[in-house]
Amino acid sequence: GRWPWKDWHFPPIDAPQTPQNDATSMFGLSYERLIVMIGFTFLLMLSGLSQRTLVSRGDDSWGLASAAKAKANVRSACSNVKDFVVSIRRELHRVPEVMYNEEETSAIIQKHLDSLNIDYTSGWGVNTKTDRIPGPGGYGVVAQIGTGRAPTVLLRADIDALPITEQTAKEFKSTHPGKMHACGHDGHTSMLLGAAAVLNSMDLDGTVKLIFQPAEEGGAGGLRMIEEGVLEDEPKVQAAFGIHLWPALPSGQVGSRPGVVLAACDRFEIQISGVGGHAAMPHLTVDPLVAQSALVMSLQTIVSRRVSPLSAGVVSITKVEGGAAFNVIPEGVTIWGTIRSLTDEDLAFLKSSVESMSHDVSKSHGCNATVTWSPDAYPATVNDLGLWENVGSKVAAEVSDTKEVVPVKPTMGAEDFSFLAKGVPANFYLLGQGSKTGVTDWGLHHPRFDIDEDVLVKGVELHVRSALEGIKRLKEVAGGEL
């Protein structure tokens with residue numbers, strides 16, 4: 001244990017005096033007792049001066065005398081790291097890096113873990129799809145705190161940015177042209193580093209793995225880390241937790257739900273090939289633009305006419321490219337888009353429908369179609385019901401300003417935390433940061449997106465409480481159902 005004198009034994013205060021214990025101080029206590037009490041008080045004073053909240057294990061959740069005191073100490077410890085977390089967020093915001101190219105970001109994370117004396121390994125998340133996605137990868141980091149033995153919970157943050165030109169006026173705005181942290185990953189990373197600082201000050205009754213994951217924005221960096229063994233390496237992960245900052249919720253509120261939280265997702269590229277020629281002589285061509293126009297309209301009937309009205313689905317065309325001159329019918333046209341669904345089965349149906357319709361409509365116009373999909377479709381993000389009932393919902397309610405979980409509806413956004421959630425029981429939180437002041441309520445992926453930095457300590461607390469309650473629950477069930 002942390003305290004070396006916990007096994008020392010002294011006679012009770014009212015014990016009869018013996019030659020071994022008859023030396024007493026002016027306070028009526030043995031000199032040994034008095035010395036230990038003075039030393040203990042001095043250590044606690046040093047602890048307070050260093051602003052570290054030390055939590056000693058005992059009979060309750062966090063080793064404190066009462067649940068109320070435990071909650072207050074955890075909240076206080078998380079509040080103490082606010083400046084640390086905000087400074088890291090701004091440091092990361094200045095240097096956004098897109099998926100599989102997060103070299104400087106990874107170095108910053110490792111620097112702060114070094115300053116906290118936390119063990120970690122680097123080189124995670126190597127890009128195995130370089131023929132489709134640029135960048136070497138390998139910039140993921142996995143830190144570990146605790147006993148090094150089960151029970152083991154995982155906390156995750158994504159670290160990559162987006163190819164967006166920032167339009168804010170912040171003094172710490174992006175210094176990398178055409179790149180921006182427009183999805184809050186700088187906040188996610190700083191919150192997890194804050195949680196690392198707090199958890200590292202505690203005596204844990206298990207192990208917490210903290211993963212800083214690259215390539216969430218379409219690169220399936222989470223899947224790469226799973227393939228590399230992040231869940232199976234000893235001690236094996238038994239539960240996982242993640243957070244996303246959420247402008248659609250008021251600042252300080254925590255939303256989520258049991259079951260499906262975020263959609264399954266895939267993206268496609270359709271190349272339609274015809275025969276080009278002079279625009280004045282279309283009868284001598286096979287016009288791919290006409291086929292493309294018909295296909296875009298036809299694809300909209302998949303959801304409206306092929307998917308049950310009681311199910312949810314999205315087929316969106318987001319980019320069309322073809323032609324270079326007003327008087328030339330091009331050889332080909334390319335269409336890009338995405339499909340979304342709340343189940344993996346419905347996603348597979350949407351995918352097959354896009355495939356068949358692309359070929360059939362193109363063929364009816366005398367053209368050919370080639371459909372290419374992303375290297376890794378994202379499954380739906382599903383909150384494990386048992387973990388949610390016994391851990392996630394309680395933690396979220398405790399941290400939320402409203403003292404209750406906002407019961408959000410599933411969203412068609414997607415997350416590669418979903419790969420972790422398929423591997424182990426997992427819970428995913430949406431942390432409200434919409435201030436409604438016109439500053440931090442811009443949507444995700446918007447060039448004016450910004451973070452309400454006051455909520456970052458809420459994210460730290462969500463992580464810390466999830467880890468502590470997760471370990472506690474895993475010990476209670478001892479390998480049984482969560």
**Asked** Is D401 salt-bridged to K458, cutoff N-O under 4.0 Å?
**Response** yes
**Under the side-chain contact (heavy atoms from CB on, under 4.5 Å) test, residues paired with S393 that sit two or more places apart** = W388
**Prompt:** Are the side chain of D346 and the backbone N or O of S341 linked by a donor-acceptor pair below 3.5 Å?
**Reply:** no
**Prompt:** Do Y378 side-chain atoms and G218 backbone N/O form a donor-acceptor pair below 3.5 Å?
**Reply:** yes
Contacts table for residues 306-318: side-chain donor-acceptor under 3.5 angstrom, sequence neighbours left out:
unit_1, atom_1, unit_2, atom_2, d
S308, OG, L310, N, 3.1
T318, OG1, W336, O, 3.4

**Prompt:** Would you say the side-chain atoms of H181 pair up with the backbone N or O of H93, donor to acceptor, closer than 3.5 Å?
**Reply:** no
**Request:** Using atom types as modelled and distance alone, determine if a side-chain donor or acceptor of H188 lies under 3.5 Å from a backbone N or O of A157.
**Result:** no
**Request:** Output, in order, the C-alpha distance, side-chain angles, deciding distance and verdict of side-chain contact (heavy atoms from CB on, under 4.5 Å) for K351 and D266.
**Result:** CA-CA 8 Å; K351 183 173 181 177; D266 207 345; 3.9 Å; yes
**Asked** Is the W373-F268 ring centre distance short of 6.0 angstrom?
**Response** yes
**Item:** Electrostatic pair R94:D186 at N-O distance under 4.0 angstrom
**Value:** no
**Prompt:** Any Lys/Arg nitrogen of E269 or R132 sitting under 4.0 Å from an Asp/Glu carboxylate oxygen of the other?
**Reply:** no
**Message:** For P235, give me all partners under side-chain contact (heavy atoms from CB on, under 4.5 Å), at least two apart in sequence or on another chain.
**Reply:** Q144, T152, T207, K209
**Side-chain donor/acceptor of K173 to backbone N/O of T168, under 3.5 Å** = yes
**Asked** Rounded to the nearest 0.5 Å, what separation is found between the NZ atom of K422 and the CG atom of D384?
**Response** 13.0 Å
**Prompt:** Which residue, V391, L420, L154, forms the side chain to side chain contact (heavy atoms under 4.5 Å, CB included) with F241?
**Reply:** V391
**Test: E389 and R473 ion pair at under 4.0 Å** = no
**Request:** Drop me the distance from T440's OG1 to D452's CG, to the nearest 0.5 angstrom.
**Result:** 4.5 Å
**Request:** Given side-chain contact (heavy atoms from CB on, under 4.5 Å), test L385 with N383 step by step and report yes or no.
**Result:** CA-CA 6 Å; L385 299 181; N383 277 346; over 6 Å; no
**Prompt:** Under 3.5 Å, is there a donor-acceptor pair linking the side chains of S87 and E91?
**Reply:** no
**Request:** Please determine which of Q433, R90, K82 meets the side chain to side chain donor-acceptor pair (under 3.5 Å) test together with E453.
**Result:** R90
**Item:** Residues E461 and R465 bridged, charged N to O under 4.0 Å
**Value:** yes
**Request:** For K179 and V98, indicate whether the former's side chain and the latter's backbone hold a donor-acceptor pair under 3.5 Å.
**Result:** no
**Request:** Supply the atom-to-atom distance I243 CD1 to F417 CZ, rounded to the nearest 0.5 angstrom.
**Result:** 9.5 Å
